[in-house]
Participant: 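Before I ask anything, let me first share the structure, which is written out below as structure tokens.
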Amino acid sequence: MTWFTRRAFGKSAALVAAGSAWLPSLAQATRKEKVTGEASERSFPTGFLWGAATASYQTEGAVKEDGRGASIWDTFSHSPGKTFHGETGVIADDSYHRYREDIAIMKTLGLTAFRFSVAWPRIFPQGTGQPNAKGVDFYKRYTDALREAGIQPFCTLYHWDLPQAMEDRGGWRTKDTSKAFADYAGYMVGQLGDRVSHYMTMNEMGSFINSGYGGGRDAPSVKLPKQQFAQARHWALLGHGLAVEAIRSVRPQVRVGCAEGAAPIIPAFNAPEHIAAARKAYVEENAEYLTAIHTGKYTEAYLRELGADAPVFTAEEMKTIATPTDFQGLNIYSATPVRAADNELGYVVIKNPASYPHMASSWLSLGPEALYWSPKLAAETFGIKTIYITENGCSADDVVAEDGEIYDTDRVMYLNAYLTQLQRGVSEGVPVKGYFLWSLLDNYEWSEGYSKRFGITYVDFPTQKRTPKLSAKFYRNLIARNGL
Ligand code: FCB
């Protein structure tokens with residue numbers, strides 16, 4: 001049977017009471033634990049946050065509604081040949097209109113937190129200047145609805161949809177964008193008031209700068225000369241730091257961090273020399289973003305390698321970049337294995353052979369141990385006290401079976417393997433306080449269009465019908481047990 005069709009959401013309570021093909025076993029398991037007092041064998045601490053994540057351009061649609069300005073992703077996705085089959089986020093999951101339905105899904109899953117992003121061009125259609133009240137109101141309604149459902153909103157202020165007007169004025173090539181971002185961030189946090197307690201300034205500088213301005217397949221997809229590229233990285237970092245300051249000055253009580261796709265270093269295998277190599281690699285392989293944020297310095301090796309192309313910066317800017325944050329978000333998908341080496345750095349990154357297994361996206365190689373090692377290395381290296389896994393999940397070639405179900409056993413395998421490693425770390429004291437699965441829904445996967453499905457909820461894009469996959473049931477069971 002289909003777990004929940006859209007029409008059935010209102011009846012969710014009745015369905016739970018009546019039981020369904022998969023619920024009885026969960027109910028029995030819970031009963032057994034209660035009777036015998038047995039805990040789940042691999043449990044997470046009480047209060048561990050279970051979430052899922054999405055981003056504005058990937059899910060909202062409604063790109064011309066209520067005064068939203070254009071973003072670089074509108075421009076890029078409408079440029080011939082840039083995205084899979086020329087697909088755009090014009091409709092995406094239509095979540096701008098269907099967010100209540102999405103929240104009902106979250107509630108059924110038992111989520112206690114949800115990570116979403118605000119589209120800057122909905123708030124400031126021109127990037128700066130007059131704010132757009134209708135855009136602000138949308139996120140007020142959205143976060144109110146999340147809270148009414150008992151779900152804690154985690155808000156990302158920049159998940160890649162830069163207002164096109166800002167790009168026209170230089171985008172991340174300029175310090176003005178860093179300042180404009182901070183102004184927008186402070187304004188938005190003030191508007192949302194006590195609805196939101198956790199903010200991420202930016203999502204993955206390592207993607208939107210490296211790929212967007214380094215000749216990759218993300219908007220605006222330009223290839224800057226080396227020095228300008230290093231400078232763009234610096235302005236993104238500064239934008240983060242200025243935003244932390246702006247947010248704190250508006251609402252000192254909120255928790256602020258960023259969500260970075262830091263290099264997910266793991267030792268080649270569990271041996272002291274490779275673990276020592278992994279520690280060194282964590283600093284150097286993350287020199288351009290994470291290390292700068294947590295130490296206020298670009299490493300010597302990073303600056304040496306750039307030579308004359310190094311960014312121009314001041315001590316004051318570095319101080320701003322390293323403004324202490326309350327938590328670090330880590331987006332972790334693959335693993336980067338390193339081994340000890342007798343060279344200047346003391347390590348070498350191992351390139352996986354062609355036969356190394358990957359998920360439906362060729363870049364997404366399987367590396368469950370990253371969910372053990374990366375948060376551990378981040379905590380040990382930089383003394384970070386609170387970490388959230390702000391993204392983890394995978395693409396799969398989902399098919400709807402004859403009975404209407406989606407048996408994404410590969411995604412279940414992936415999640416099971418990664419979460420086992422996360423539990424291993426948390427039980428050893430690695431300070432991860434919550435996990436956000438990417439993604440709640442199949443959505444617009446950037447330049448891959450709709451060809452790559454990352455959701456635990458299947459979306460039939462022509463009808464927008466949502467159907468929970470096997471992985472959604474896996475996740476619901478895990479959340480209910482607070483363990484594997
Ligand atoms: C991450 C992005 C997210 C999504 C996943 C698959 O790098 O932050 O928006 O595209 O990859």
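These numbers come from the heavy atoms of this one structure, side chains and all, not from hydrogens, waters or symmetry mates. In each ligand, atom 1 is the first atom listed, and ligand 1 is the first ligand listed.
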Participant: Return the residue, atom name and 0.1 Å-rounded distance of the protein heavy atom closest to atom 10 (O) of ligand 1.
Facilitator: Glu445 OE1, 2.8 Å
Participant: Check whether NZ of the Lys or CZ of the Arg Arg424 lies under 6.0 Å from the centre of the six-membered ring of Tyr372 and within 45 degrees of that ring's axis.
Facilitator: yes
Participant: Got the closest protein heavy atom to atom 2 (C) of ligand 1, with its distance?
Facilitator: Glu391 OE1, 3.4 Å
Participant: Filter on salt bridge (charged side-chain N to carboxylate O under 4.0 Å, His left out), then keep only pairs touching residues 161-172, sequence neighbours left out; what's left?
Facilitator: Glu167-Arg173
Participant: Do the non-hydrogen side-chain atoms of Tyr333 and Tyr418 ever get within less than 4.5 Å of each other?
Facilitator: no
Participant: I need the atoms of ligand 1 closer than 4.0 Å to a non-hydrogen atom of Phe454, numbered in the order shown.
Facilitator: 6 (C)
Participant: Against heavy atoms of Asn203, which atoms of ligand 1 measure under 4.0 Å?
Facilitator: 8 (O)
Participant: Using the six-membered ring wherever Trp is involved, compare the ring planes of Tyr450 and Phe461 and label them parallel, tilted or perpendicular (cut-offs 30° and 60°).
Facilitator: tilted
Participant: Out of Gln58, Glu260, Glu204, indicate the one that has the non-hydrogen atom closest to atom 7 (O) of ligand 1.
Facilitator: Glu204
Participant: If I apply the N/O under 3.5 Å rule, does Trp446 come out as touching ligand 1?
Facilitator: yes
Participant: Can His159 be said to touch ligand 1, with heavy atoms closer than 4.0 Å?
Facilitator: yes
Participant: Determine whether a donor-acceptor pair (N or O, by modelled atom type, separation under 3.5 Å) exists between the side chain of Ser365 and the backbone of Ser334.
Facilitator: no
Participant: Would you compute the distance between atom CH2 of Trp446 and atom OG of Ser207 and round it to the nearest 0.5 angstrom?
Facilitator: 9.5 Å
Participant: Which residue and atom name correspond to the protein heavy atom nearest atom 5 (C) of ligand 1, and how close is it?
Facilitator: Tyr333 OH, 3.3 Å
